[in-house]
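The basis for the numbers below is simple: all heavy atoms, side chains too, and nothing from hydrogens, waters or symmetry mates. Chain letters run A, B, ... following the sequence lines, proteins first, then strands; residues in each count from 1.
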Amino acid sequence: MVLDTQLLRKEQTRQASKIILHDELPPLKLIGGADVGFEQQGAITRAVVAVLSWPQLELVEYQIARIPTQLPYIPGLLSFREVPGLMAAWEKIQNKPELVLVDGQGIAHPRRFGVACHFGLQANIATIGVAKSRLCGDAVELSEEPESVQPLMAGENQLGWVLRSKKRCKPLYVSPGHKVGFSSSLEWVKQCLKGYRLPEPTRFADGIASNRTFFKRMNEKIS
DNA sequence: GCGACAG
DNA sequence: ATCTTGTCGC
């Protein structure tokens, strides 16, 4: 497999200019979560899109797509590895949500084009990036208090937020993906918090993508 | 040149 | 990300 990383980075910079950083959300009825897991030592990508009701946040539908993994993991180029599978799962979704929380960065990315941006642009849907660790940017030390927030900065420019979603847990890195602004990104994520570190849409997608038994059992509950 | 580095 | 048991702390 030949891989021109220079070209992929250039492509990200080009696509990043198409990202819309203000709210273009219709009234919300459904909210989605997207994540991927792997099988067979990474050879197979298992992508999941979960759809929850709003504001009840109950699982309505989920779809899984299994495809051969296209690329290795390269920091900064994650979206090229994950978006093909996510798009396949997205196309199977019957109840399309108006907003999707994607596992990974939005614009908090070296070229302002994380996986949430890539997926949002390709699916033409509003997205927010919810990452479990930092890729780039800086923030002042975060208070231990739950719900405490600090802006994630790149010099004078804001990239997103660092959010303490739960006591004694590592913070979340929240950033706009597509068709949402900074403040609403933070608000949507906070409103999806239900006592766990991850917001519900991401938590379900993550649980299903990782084959956790609890989430696998949801199978019969909705079908 | 060196360190950092989503999943 | 994934492979994995017990274990420490609330």
Query raised in the report: If you measure from the Lys or Arg side-chain nitrogens to the Asp or Glu carboxylate oxygens, is any gap between K194(A) and E200(A) under 4.0 Å?
Result: no
Report summary line: Shortest non-hydrogen pair, P151(A) vs Q158(A), comes out as CB-NE2, 3.7 Å
Query raised in the report: Whole-Å distance between dG7(B) C1' and Q70(A) CD?
Result: 16 Å
Tabulate protein N/O versus nucleotide N/O from nucleotides 3-5 of chain B, keeping only pairs under 3.5 Å, one per line.
unit_1, atom_1, unit_2, atom_2, d
dC5(B), OP1, R134(A), NH2, 3.2

Query raised in the report: Which part of the nucleic acid, if any, lies within reach of K132(A) when heavy atoms closer than 4.0 Å are counted: base, sugar-phosphate only, or nothing?
Result: sugar-phosphate
Query - Donor + acceptor pair across side chains of N95(A), K29(A) (<3.5 Å) - result: no
Query raised in the report: In Å, rounded to the nearest 0.5 Å, how long is the span from CD1 of I128(A) to SG of C117(A)?
Result: 11.5 Å
Query raised in the report: How many Å lie between CG on D206(A) and P on dT2(C), as a whole number?
Result: 8 Å
Query raised in the report: Any idea how F113(A) and H118(A) line up, ring-wise: parallel (<30°), tilted (30 to 60°), or perpendicular (>60°)?
Result: tilted
Requested in this report: Please state how far atom CG in L77(A) lies from atom P in dA1(C), giving the value in whole angstrom units.
Outcome: 18 Å
Query - Counterpart residues, ring-ring contact (aromatic ring centres under 6.0 Å, His included), relative to W161(A) (two or more places apart) - result: none
Requested in this report: Verify whether one side chain among T202(A) and D103(A) offers a donor that lies under 3.5 Å from an acceptor in the other.
Outcome: no
**Report entry** Whole angstrom value for the distance that separates C1' of dA6(B) from NE2 of H109(A)
**Finding:** 8 Å
Query - Length of the CG-C1' vector between D35(A) and dT2(C), whole Å - result: 13 Å
Report summary line: Residue set satisfying salt bridge (charged side-chain N to carboxylate O under 4.0 Å, His left out) with E11(A), at least two apart, ordered chain then number -> R14(A)
Pairs under 3.5 angstrom only: tabulate donor-acceptor contacts from the side chains of residues 80-94 of chain A to other protein residues two or more places apart or in another chain.
unit_1, atom_1, unit_2, atom_2, d
R81(A), NH1, L71(A), O, 2.7
K92(A), NZ, I64(A), O, 2.6
Q94(A), NE2, K92(A), O, 3.2

Requested in this report: Rounded off to whole Å, could you give me the CD-to-P distance for the Q12(A) and dA6(B) pair?
Outcome: 14 Å
Under 3.5 Å, which protein N or O atoms sit close to an N or O of nucleotides 8-10 of chain C? Give each pair with its distance.
none

Query raised in the report: Contact class for G76(A) (heavy atom, under 4.0 Å): base, sugar-phosphate, or nothing?
Result: base
Report summary line: Any stem touching DNA chain C, meaning at least three consecutive Watson-Crick or G-U pairs under 3.5 Å, ordered by first number, would be none
**Report entry** Check ion pair E147(A)-R164(A) (N to O, under 4.0 angstrom)
**Finding:** no
Query - In one Ile/Leu/Val/Met/Phe/Trp/Tyr side-chain cluster, 4.5 Å: V36(A), L135(A) - result: no
Query raised in the report: Once you round it to whole Å, what is the distance between P of dA1(C) and CD1 of I74(A)?
Result: 18 Å
Requested in this report: For Q41(A), answer base if it contacts any base atom (sugar-phosphate contacts may also be present), sugar-phosphate if it contacts only those atoms, and nothing otherwise; contact means non-hydrogen atoms under 4.0 Å.
Outcome: nothing
Query raised in the report: To the nearest angstrom, how far is L78(A) atom CG from dG7(B) atom C1'?
Result: 5 Å
Query raised in the report: Reckon G114(A) touches a base, only the sugar-phosphate, or nothing at all at heavy-atom distances under 4.0 Å?
Result: base
Query raised in the report: Does the side chain of R9(A) pick up a donor-acceptor pair with the side chain of T5(A) at under 3.5 Å?
Result: yes
